[in-house]
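Reading through the structure tokens given below for one structure.
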Amino acid sequence: MSQSLNILYFGPISGTCLDRANAYRRLGHTVHHIDPRTLLPRTVWVDRIMWRAGGHWFAPWVLAGLRQSLQGRHFDLCHVDSGEWFTASAVELLRAHAPIVINYNVDDPTGPRDRQRFAAYWRGAKAYDLLAVVREDNLPELAALGARHCVRVHRSADEVTHAPRALTPEDHARWDCDVLFLGTWMPERGPFLLALIRLGVPLTIQGSNWQKAPEWPELRTHWRGDAIGGDDYAKAIQCARVNLGLLSKGNRDLHTTRSLEIPSLGALFCAERTVEHSAMYEDGLEAVLWSDASECAAWCHTLLADEPRRHAIAQNGHARYLRDGNQNQVVLQSLLREVGLA
């Protein structure tokens with residue numbers, strides 16, 4: 001284990017961001033966690049402007065909030081998660097309180113989908129000591145922005161949040177289903193899931209914004225409810241016989257967080273065939289991969305009719321996930337090594 005560090009950590013105090021902060025704690029470090037949104041006015045207009053025009057417009061508020069909250073405090077490392085509020089000036093201010101400032105971003109900060117959301121991040125890229133991203137595409141794009149040190153990592157699941165639960169009869173009664181897609185509506189997802197339904201796949205959909213789908217009249221009877229988290233999220237995945245992994249096309253995904261979380265929970269992962277998924281899991285043995293709705297539906301029907309094979313693939317996928325080290329503590333430790341702190 002590395003030396004015990006005093007870490008200043010910026011990001012939402014929820015979801016996978018909180019998981020990463022807690023992973024640092026499990027590695028033996030002290031973490032002072034600040035949600036950067038608390039440095040800004042509470043009105044929803046701040047978020048709307050950031051998504052449409054960029055967080056750099058709020059730099060004066062961010063800088064003032066940082067000066068006030070960090071006055072007289074010093075840390076060994078500052079970890080900025082995402083970074084859509086922090087310009088180069090903010091990063092340099094952070095460096096006055098921590099000699100090394102790193103950024104970890106699981107989105108596609110230089111990609112086309114989010115437009116101006118990451119404008120502050122673009123301006124701050126050259127000021128960080130390390131930028132960690134989850135797409136190869138980001139590396140040359142960040143170099144063009146003047147970034148000094150970039151690494152690409154796989155996404156990771158959490159050793160605690162995504163550990164298999166002991167399931168009760170009540171859990172099974174609530175969450176059991178045949179084929180589950182757990183995720184938010186995106187334009188490309190509606191047609192695909194509708195195609196599965198028309199091919200006879202017994203599909204359950206759980207997630208937000210599905211009412212926006214043009215296909216909603218035919219999807220609504222398969223929709224179980226809005227997004228879930230925590231134990232409900234984990235138990236829903238464990239109780240599904242087959243879990244679908246769909247990509248975000250606008251985000252240039254070749255794998256997603258679900259690609260690790262589903263096998264981490266010991267569940268069967270059924271996802272689009274990509275270069276990265278094919279490298280992460282052996283098709284048909286550790287996961288099942290498909291290229292279109294017809295192949296996906298065929299896999300679903302095959303696996304629902306063969307419980308021993310389904311369980312074997314799920315167990316093999318879990319073992320592969322553990323063997324490859326795609327866990328939060330492993331990934332964060334690798335980042336500490338990159339900056340000479342482990």
Side-chain angles (χ1 to χ4, degrees), residues 11 16-17 19-20 23 79-84 86 91 101-158 183 186 188-189 244-264 269-283 286-287 289-291 317 320-340 342:
T16 61
C17 183
D19 287 340
R20 288 185 284 276
H79 175 125
V80 177
D81 210 277
S82 189
E84 62 262 66
F86 292 157
V91 177
V101 185
I102 69 174
N103 183 288
Y104 178 98
N105 195 312
V106 297
D107 284 299
D108 189 1
T110 53
R113 190 190 74 172
D114 291 334
R115 299 179 184 176
Q116 293 298 307
R117 174 189 172 192
F118 287 105
Y121 173 96
W122 304 336
R123 289 160 170 77
K126 62 186 177 182
Y128 287 101
D129 297 286
L130 175 69
L131 291 166
V133 291
V134 297
R135 293 169 181 79
E136 290 289 341
D137 291 332
N138 295 139
L139 296 178
E141 294 163 353
L142 288 170
L145 293 173
R148 294 177 286 162
H149 186 185
C150 303
V151 295
R152 186 277 172 110
V153 298
H154 277 105
R155 290 177 173 86
S156 49
D158 190 71
M186 293 182 184
E188 70 273 13
R189 292 176 174 176
L244 299 180
L246 303 186
L247 305 177
S248 170
K249 303 300 184 182
N251 253 3
R252 301 188 292 184
D253 285 340
L254 295 175
H255 80 284
T256 73
T257 306
R258 297 280 196 282
S259 307
L260 292 314
E261 292 171 352
I262 291 169
S264 175
F269 182 53
C270 175
E272 182 174 346
R273 183 178 290 106
T274 67
V275 172
E276 291 180 6
H277 279 155
S278 295
M280 293 165 74
Y281 303 107
E282 188 169 350
D283 190 7
E286 298 168 334
L289 306 178
W290 40 264
S291 297
R320 176 66 180 271
Y321 153 79
L322 293 174
R323 187 165 68 249
D324 285 354
N326 292 317
Q327 296 93 41
N328 278 340
Q329 290 172 217
V330 175
V331 171
L332 293 177
Q333 187 78 347
S334 75
L335 300 187
L336 295 180
R337 284 196 296 270
E338 285 284 339
V339 293

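- Legend: residues meeting side-chain hydrogen bond (donor to acceptor under 3.5 Å, both in side chains) with Asp158, ordered by chain and number and at least two apart, are Arg26, Thr161, Asn328.
- Applying the salt bridge (Lys or Arg N to Asp or Glu O under 4.0 Å) rule to Glu286 yields the partners Arg320, Arg323; only residues at least two apart in sequence or on another chain are considered.
- Remark: side-chain polar atoms of Asp107 are not paired, donor with acceptor, to backbone N or O of Pro109 under 3.5 angstrom.
- Pairs engaging residues 132-158 under the ring pair (Phe, Tyr, Trp, His ring centres under 6.0 Å) rule: His154-His255 [sequence neighbours left out].
- Considering only residues two or more places apart in sequence or on other chains, Ala119 meets the side chain to side chain contact (heavy atoms under 4.5 Å, CB included) condition with His56, Gln116, Trp122, Arg123.
- Interatomic distance, Ser264 OG to Phe269 CZ, rounded to the nearest 0.5 Å: 12.5 Å.
- Scored by the ring pair (Phe, Tyr, Trp, His ring centres under 6.0 Å) test, Phe86 finds Phe10 as partners (sequence neighbours excluded).
- Scored by the ring pair (Phe, Tyr, Trp, His ring centres under 6.0 Å) test, Tyr321 finds no partners at all (sequence neighbours excluded).
- Between Arg135 and Asn251 there is a side-chain heavy-atom pair separated by less than 4.5 Å.
- Across Pro263 and Tyr281, no two heavy atoms sit closer than the pair CG-OH, 3.2 Å.
- Residues His277 and Ala271 approach most closely at CE1-CB, 3.7 Å, considering heavy atoms.
- Residues passing the salt bridge (Lys or Arg N to Asp or Glu O under 4.0 Å) test with Arg155, sequence neighbours excluded: Asp253.
- Residues satisfying the ring pair (Phe, Tyr, Trp, His ring centres under 6.0 Å) test with Trp290, not counting sequence neighbours, are Phe192.
- Residues Met186 and Leu246 form no side-chain contact, since every pair of their non-hydrogen atoms from C-beta on lies 4.5 Å or further apart.
- Looking at heavy atoms from C-beta onward, Leu139 lies in side-chain contact with Val133 at the 4.5 angstrom threshold.
- Between the side chain of Ser259 and the main chain of Thr256, a donor-acceptor pair closer than 3.5 Å is present.
- Side-chain contact between Val331 and Arg20: absent, with no pair of heavy atoms (C-beta onward) separated by less than 4.5 Å.
- Nearest heavy-atom pair, Leu142 versus Ala125, reported as atom, atom and distance to 0.1 Å: CD2-CB, 4.4 Å.
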Exercise for the section: Mind running side chain to side chain contact (heavy atoms under 4.5 Å, CB included) on Leu131 and Cys150 for me, showing each step along the way? Expected result: CA-CA 5 Å; Leu131 291 166; Cys150 303; 4.1 Å; yes
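- Considering only heavy atoms from C-beta on, Thr110 comes within 4.5 Å of Arg252 through its side chain.
- In this view, Arg189 satisfies the salt bridge (Lys or Arg N to Asp or Glu O under 4.0 Å) rule with no residue, not counting sequence neighbours.
- Between Val101 and Val91 the shortest heavy-atom distance is CG1-CG1, 4.0 Å.
- The shortest non-hydrogen separation linking Gly183 to Arg258 is CA-NH2, 3.8 Å.
- Asp108 CG to Asn138 CG: the interatomic distance, rounded to the nearest 0.5 Å, is 5.0 Å.
- You'll find the side chain of Leu130 stays beyond 4.5 Å of the side chain of Asn103, heavy atoms only.
- Every residue meeting the salt bridge (Lys or Arg N to Asp or Glu O under 4.0 Å) condition with Arg273, not counting sequence neighbours, appears here in chain and number order: Asp283, Glu295.
- The side-chain hydrogen bond (donor to acceptor under 3.5 Å, both in side chains) test applied to Ser82 returns Glu84, not counting sequence neighbours.
- Sorted by first and then second residue, the salt bridge (Lys or Arg N to Asp or Glu O under 4.0 Å) pairs involving residues 142-154 (not counting sequence neighbours) are Asp129-Arg148, Glu136-Arg152, Arg152-Glu276.
- Using a 4.5 Å heavy-atom cutoff, the side chains of Leu335 and Val153 are in contact.
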Practice task
Evaluate side chain to side chain contact (heavy atoms under 4.5 Å, CB included) for Ser156 paired with Val330, printing each intermediate quantity in order.
Solution key: CA-CA 9 Å; Ser156 49; Val330 175; over 6 Å; no
